[in-house]
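Naming: A, B, ... by sequence-line order, numbering from 1 per chain.
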Amino acid sequence: DTGVSQNPRHKITKRGQNVTFRCDPISEHNRLYWYRQTLGQGPEFLTYFQNEAQLEKSRLLSDRFSAERPKGSFSTLEIQRTEQGDSAMYLCASSRDGEQKNQPQHFGDGTRLSIL
Amino acid sequence: QKEVEQDPGPLSVPEGAIVSLNCTYSNSAFQYFMWYRQYSRKGPELLMYTYSSGNKEDGRFTAQVDKSSKYISLFIRDSQPSDSATYLCAMSNTNAGKSTFGDGTTLTVKP
């Protein structure tokens, strides 16, 4: 169990550029989540995958944001035409499948996005 | 008003003290309750995971859930300087899908 892995750890880009982040979940975890966290705030839910199916999207996920999980393993989050307000920590989490009541989400260390 | 409210602190205690952290919530559909610890520039680390009401103990940590009052607590016994971090409560309706987080309480344990 190597934990949730996110790359890159830090991304600095100019306003208007596109960025893509990658998340590798814990192996055997079929559920994958993206959250966004700004300074002094708790993580805010963005989207959720069950295997390759995107089952839930927050209204925070504007049309500039797209997430994919093409083979049900790793996931990518792309932000197009970045804006200053996109500066945040982007967190990925994963959890097991199944109906059992003990299916907590485990987080990676995030990708910190800084928009110049 | 946010669905989950958490006192941001900061909270400062001497080493060895008992720490009490709390969250209130408004959504009666929440059934799963979590506490995470987050160090600076790191992701949240799961500490406790509780389903429905009641108490759960794990080492120095005890989580309590009172659904009738929509109030959850985390107690840390014999606090250590290494416990200095931000503590986030989180909750969800189901065991899949989104979790809703509080904004965290910053704790400092002084040697």
Quick one: what part of [X] sits under 4.5 Å from any heavy atom of chain B, side chain, backbone, both or neither?
X	result
L55(A)	neither
Q41(A)	both
Q6(A)	neither
F49(A)	neither

> At their closest point, which heavy atom of P81(B) faces which heavy atom of E15(B), and how far apart are they?
Replying inline: CD-CD, 3.7 Å

>> Are Y71(B) and Y25(B), when compared by the centres of their aromatic rings, separated by less than 6.0 Å?
In response: no

> Got more than 12 heavy atoms from elsewhere within 6.0 Å of NZ, K42(B)?
Replying inline: no

> After noting the C-alpha distance and the side-chain angles of D58(B) and K56(B), does the key distance pass the salt bridge (charged side-chain N to carboxylate O under 4.0 Å, His left out) rule?
Replying inline: CA-CA 7 Å; D58(B) 184 0; K56(B) 184 175 182 179; over 6 Å; no

> Side chain, backbone, both or neither: which part of Y39(B) has an atom under 4.5 Å from a heavy atom of chain A?
Replying inline: neither

> For E45(B), is it the side chain, the backbone, both, or neither that has a heavy atom closer than 4.5 Å to a heavy atom of chain A?
Replying inline: neither

> Between E44(A) and K98(B), is a salt bridge (charged side-chain N to carboxylate O under 4.0 Å, His left out) present by the stated rule, with each step listed?
Replying inline: CA-CA 9 Å; E44(A) 293 179 293; K98(B) 77 172 188 178; over 6 Å; no

> Would you call the rings of Y90(A) and F21(A) parallel, tilted or perpendicular, where under 30° means parallel and over 60° means perpendicular?
Replying inline: tilted

> Given the rule in the side-chain contact (heavy atoms from CB on, under 4.5 Å) test, do Q6(B) and D103(B) qualify, once you have shown the distances and angles that lead to the verdict?
Replying inline: CA-CA 6 Å; Q6(B) 187 172 7; D103(B) 286 335; 5.6 Å; no

> Can you name the one residue among V4(A), L91(A), L77(A) that meets side-chain contact (heavy atoms from CB on, under 4.5 Å) with C23(A)?
Replying inline: V4(A)

>> Which residues in residues 105-115 of chain A have any heavy atom closer than 4.5 Å to a heavy atom of chain B?
In response: Q105(A), H106(A), F107(A), G108(A), D109(A), R112(A)

> Hey, quick one: are Y35(A) and I79(A) part of the same hydrophobic cluster, counting side-chain heavy atoms closer than 4.5 Å, chains of contacts allowed?
Replying inline: no

